[in-house]
Amino acid sequence: MSALRISGLDVTLGGLPVVRGLDLHAEPGEFVSILGPSGSGKSTTFGVLTGDVQPDAGEVSIEGQALNRKASRVAYMPQRDALLPWRTVLGNLTLGLEVRGTKRGPAREKVRPWLGPFGLAGFEDRYPAQLSGGMRQRAALLRTVAQEQPVLLLDEPFGALDALTRSQMQRWLEQMWEQYRWTVLLITHDVREALFLSDRVYVFSPRPARVSAEVKVDFARPRTPDLFGDPQFAALEAKLLDQLLG
Amino acid sequence: MNSPTATDASGRRLRLPRPGVVLPPVILVLLLLAVWEIYASTIGPGPDVLPSPSRVAERGWADRENLMLNTWPTLRATVIGLLLSVAVGFGFAVLVDLSGLARRALLPVLVVSQTLPLVALAPLVIVWFGFGQFPKILLIVFVNFFATTLSFVEGFRSADPDSVALLRSMGAGRWRIFRTVRLPSALPYFMAGLRIAITYSVVSAIFAEYAGAESGLGVYMQFAKNTFRTDLVLAAVFVTAAVTLTLFALSFLIERIALPWAFLIRAGEADR
């Protein structure tokens, strides 16, 4: 059974067809990326999954169950970290659990063991304004993971970071994923990021969005930046860029 | 530039106001007082028309009991009026924020309320409600609720749409989003609105007292003016300024304690 399955999805926003006949799926423990031009309906697709956007037609199921607006089963990480500045790091990390009904105390106990692996130990009582860009992003990812939902939706999580921090974070995420094997759906328009992290990549067409290509990425794991020098990687990158630029 | 620092209970660095921020205005005020002092005691029109600052201080001090007796009612009306303005502003803002109909109905009426001439209204309010505290408080609320409403409305609107989308993705309802994201987002805006309201509140309290009251700094000033005691009028003016500044400083202290994160963000912006 797929962790996530979207079939025949149609979305219209303000009279404009944004998504038409979209099919995609993610298997448990699979890292799947969506590549697409700006404004191609990637974020709208996430909006459907988070319950923010009402589709016209199509079916969405998570672990075989139809999507339920009231009991969301995806954990979403928006483009910017969206950490609440008035909550401490720990308060931000427990936010999802609290909204989903866990009391604050037990939520904190649940999150604490994750602080070490996410490089946030000792920073739990700081405010987001006191963290570096990379730390904020790690905190935002931990806030997503801590919700313990079957699917993680990451919407350009490193888009706002400087180039150096960005590649550090990509390497770090690859290592973390190796270890925990979350089911991830990642939106990006960085071809290298998609190839470096994913098991499979979907390429979206310009609006209205549908899948214009699907590429399996089976480079061995763990992956290191050496991969960027691999001729096969370069060939795949060129192919995807071609596909994107139409 | 380094500033003197202290450490608060949780071990965070606490910035004290920098000398570069506090000193220039203090020096300017002292300079103006010195010019006034010299002018009044040399070529000035005489102490009955323009008393020197030292004379104002001396006479004010001599009459301190009476002065304090009239400061309390003004201060009380101001603080109660402020709290009520905040409560009324918050209520209106929540209505406007939650309902489009309330926004369309309420905002134009609030704007119109601000066009009514207070000078004409104040005596009428006294006629209707007497010489007690109530008409003073009413006037203060009338002057201020518009500013506090708008600062809350602006504040709610400043909530980060990403944070709202995040909460919704977790399955949060309207009320949860309101108290977890929109309300805290509004607090720094509210504090800015509160500071504007503080200055207006003291002035409107005194204005209401001028129009008619049993006691208060306005009453004191009027009485002093009618008995040609310019020194006591000015002493009351200085007390008024001191009261306003104290409330103003208090608002910063409250913000520092209640919203430590807002200071961190501001400090971060200053460093950049």
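Residue numbers begin at 1 in each chain, while the letters A, B, ... track the order of the sequences. Please read these numbers as outputs of a predicted model, since none were measured by experiment.
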From [X] atom [atom1] to [Y] atom [atom2], the distance as rounded to the nearest 0.5 Å:
{"X": "B/W261", "Y": "A/T88", "atom1": "CH2", "atom2": "OG1", "value": "13.5 Å"}
{"X": "B/S163", "Y": "A/L83", "atom1": "OG", "atom2": "CG", "value": "8.0 Å"}
{"X": "A/W86", "Y": "B/L259", "atom1": "CH2", "atom2": "CG", "value": "10.5 Å"}

(request) Answer with side chain, backbone, both or neither: which region of B/R176 has an atom nearer than 4.5 Å to a non-hydrogen atom of chain A? (result) side chain

(message) Does any backbone or side-chain atom of B/V164 lie under 4.5 Å from a heavy atom of chain A? Answer side chain, backbone, both or neither.
(response) neither

(request) Answer with side chain, backbone, both or neither: which region of A/R73 has an atom nearer than 4.5 Å to a non-hydrogen atom of chain B? (result) neither

What heavy-atom pair brings [X] and [Y] nearest, and what distance separates the two atoms?
{"X": "B/S169", "Y": "A/S72", "value": "O-OG, 2.6 Å"}
{"X": "B/G171", "Y": "A/V99", "value": "C-CG1, 4.4 Å"}
{"X": "A/R80", "Y": "B/D162", "value": "NH2-OD2, 3.2 Å"}

(message) Restricting to ring pair (Phe, Tyr, Trp, His ring centres under 6.0 Å), what partner residues turn up for B/Y189, sequence neighbours left out?
(response) none

[atom1] ([X]) with more than 12 external heavy atoms under 6.0 Å:
{"X": "B/Y200", "atom1": "OH", "result": "no"}
{"X": "A/H25", "atom1": "NE2", "result": "yes"}
{"X": "A/E59", "atom1": "CD", "result": "no"}

(message) Quick check on side-chain contact (heavy atoms from CB on, under 4.5 Å): which of A/E98, A/R143, A/Q149 does B/M170 satisfy it with?
(response) A/R143

(message) Please evaluate residues B/L264 and A/Q130 with respect to the criterion side-chain contact (heavy atoms from CB on, under 4.5 Å), reporting the C-alpha separation (whole Å), side-chain torsions for both, the decisive distance (0.1 Å), and the verdict.
(response) CA-CA 7 Å; B/L264 284 172; A/Q130 295 170 302; 3.8 Å; yes

(request) Please examine the side chains of B/L166 and A/L95, heavy atoms only from C-beta on, and report whether any two atoms are closer than 4.5 Å. (result) yes

(message) Out of B/A172, B/P184, B/P161, return the one with the most heavy atom pairs under 4.5 angstrom to chain A.
(response) B/P184

